[in-house]
Amino acid sequence: MKSLPDFDMVLLGGTGDLAMRKLLPALYQQVKAGRVSPASRVFAAARKEMTQAEFMALAEAACRPFLGEAYDAETWSAFAERVNYLPMDVRDPGSYGALGAALGGHPQRIRVYYYATSPECFAPMSAHLGAAGLISAHSRVVVEKPLGHDLDSSRAINDAIGGHFAERQIFRIDHYLGKEPVQNLLALRFGNVLFEPLWRREWVQDVQITVAEQLGMEGRGDFYDRTGALRDMLQNHLLQLLCIVAMEPPTGSDPDAVRDEKLKVLRSLKPFTAAEVAAKTVRGQYQAGAVAGQPVAAYAEEPGVSEQSRTETFVAVKVEIDTWRWAGVPFFLRTGKRMPDKLAEIVINFRPVPHPIFGESAHGGRANRLIIRMQPDESMRLYLVAKQPGEAMALQPVNLNLDFAESFRDRRLEAYERLLIDAIRGKLTLFVRRDEQEAAWSWVKPILDQWEAGDDRPMDYGAGGWGPAASSALLSRDGLAWNEEY
Ligand code: NAP
């Protein structure tokens, strides 16, 4: 991979969880790979007063566990030479003079502002950066999800950012789009002729997208209780994954060609009536239970969470897409906290053979299935049916495993690393456009409205389970079941 052009990256919120777990390690990896010139600089800004040395010691201790074997003291000092800590309150317009002075002139330099604070700071940061004259045609801004709480608040934040940055300068990050298997799904769909004829209602029975976490609140209960699984995960990550599966072939790989197609999918999602919200969505909240053999508390007992909380920690929906390609094919989406495994996967279930010539019992009722796995491992497996060795014509499923680790020796980029590189290079393809984001908020609006209007609580599920029983019923009504081969 080519060296990166000289850049300045300003992490506004440079001491937070995201900066320490993802952003600084991603930048370190790029330094280690020799792609960051000595002239490139990283600025980490937060309110806490500390010296440069104190910040680097804090960062080293925090990042090291996430770097694993990639850590070495020599690269760390080369990385540290490029990093500058800047104590500032991003809400205080008076503190931007110091930021400007630290950045110096460099009008032609690529400057990436990464908004790694809570979203309430996004509007003031944009206004103050603009007023201080720190935004040029070469500036970019990366914003994190969830952007807003609903359609109206997302519009307000987009307006505030859009008042100072052009749309081509705004990089709305959805790190699932940076994952290698997701990009491989694009390669599989649009780099091979094999799948396109099958990628439609005639041959696909159903699609399942699961993003399951074992973690609970990890100290973020206050944030989560105001957010919930639908806003935190489904509105963004799961709908973006659905778009990658369902989009029409774009005319090219340029950002708008791809994003236009994703937008069409989002606009084709069948809207829910109030009655359909009850029938086609399931929301759950975890109760006490055990995950990986360890007892864990109920959601309502987590720090920062209201005892009467009605926030969902699990959501499953049955989505339909009103297009010729997908009419009648159910897309089942589910995501939740305190599930049995850390699992992120897309499952494409193809239809069974029209006539099983070897008989139902020999065939075992197995149909072809493609599983794109993002967690815990990254893989893509195509399940076919083959004959068992021996006299009898007994069939069994076998899988063609496209094992990325074995097929490709190059180090795989972490999603954040890939997306930071793209932001530095100005490549928008894997970032979400404003109209996409607003189309996703529009589609979830009736669900949010209906949930908020009623008195119902989310259904209980035991921590360490796959969500309320109603989640399985959502599929069993169609004679289907969630994939359990993981
Ligand atoms: P966090 O741990 O609370 O960190 C927030 C950072 O912002 C800290 O460095 C904090 O430092 C700084 N900050 C807050 N108010 C400030 C102010 N007025 N002036 C200057 N700095 C300020 O939050 P996070 O988990 O890193 O999340 C950051 C953003 O990423 C959020 O929008 C979140 O929704 C999003 N996100 C995070 C993750 C994740 O894995 N953590 C994943 C997806 C999205 P001081 O308090 O010292 O100022």
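Along the sequence shown, the residues carry numbers beginning at 1. Both ligands and their constituent atoms are indexed starting at 1 by order of listing.
- Under a 4.0 Å criterion applied to the non-hydrogen atoms of Gly14, ligand 1 contributes the atoms 9 (O).
- A side-chain hydrogen bond (donor to acceptor under 3.5 Å, both in side chains) with His138 is found for one member of Gln108, His106, Arg111, Arg109 and no other, namely Gln108.
- Atoms of ligand 1 found under 4.0 Å from any heavy atom of Arg21 (numbered from 1 in listed order, with element): 39 (C), 40 (O), 41 (N).
- For atom 30 (O) of ligand 1, the nearest protein heavy atom lies under 4.0 Å away.
- Of the options Asp232, Thr15, Leu86, Val90, the smallest heavy-atom separation from atom 19 (N) of ligand 1 is shown by Val90.
- Annotation: Ser118 places no N or O atom under 3.5 Å from an N or O atom of ligand 1; distance criterion only.
- Distances from atom 37 (C) of ligand 1 to the heavy atoms of Lys145, Glu49, Arg220 put Arg220 nearest.
- With ligand atoms numbered from 1 in the order given, ligand 1 contributes 5 (C), 6 (C), 7 (O), 28 (C), 29 (C) to contacts under 4.0 Å with heavy atoms of Ala116.
- Near Pro119, meaning under 4.0 Å from any of its heavy atoms, are these atoms of ligand 1: 32 (O).
- By the salt bridge (Lys or Arg N to Asp or Glu O under 4.0 Å) test, Asp456 is found to be paired with no residue, residues two or more places apart in sequence or in another chain being considered.
- For the pair Asp422 and Arg418, the salt-bridge criterion is met [side-chain N within less than 4.0 Å of a carboxylate O].
- Backbone and side-chain nitrogen or oxygen atoms of Ala19 are examined, and none is located within less than 3.5 angstrom of a nitrogen or oxygen of ligand 1.
- In this structure, atom 40 (O) of ligand 1 has a protein heavy-atom contact shorter than 4.0 Å.
- Comparing Asp89, Asp17, Asp174 by heavy-atom distance to atom 25 (O) of ligand 1, the nearest is Asp17.
- Assignment of His175 to the shell around ligand 1 is not supported, since no heavy atom sits closer than 4.0 Å.
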Exercise. Going through the distances and angles, do Tyr176 and Asn236 end up as a side-chain hydrogen bond (donor to acceptor under 3.5 Å, both in side chains)?
Worked result: CA-CA 9 Å; Tyr176 275 80; Asn236 37 69; over 6 Å; no
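- Distances from atom 48 (O) of ligand 1 to the heavy atoms of Arg47, Met20, Met233 show the closest one on Arg47.
- Closest protein heavy atom to atom 26 (O) of ligand 1: Leu18 N, 2.8 Å.
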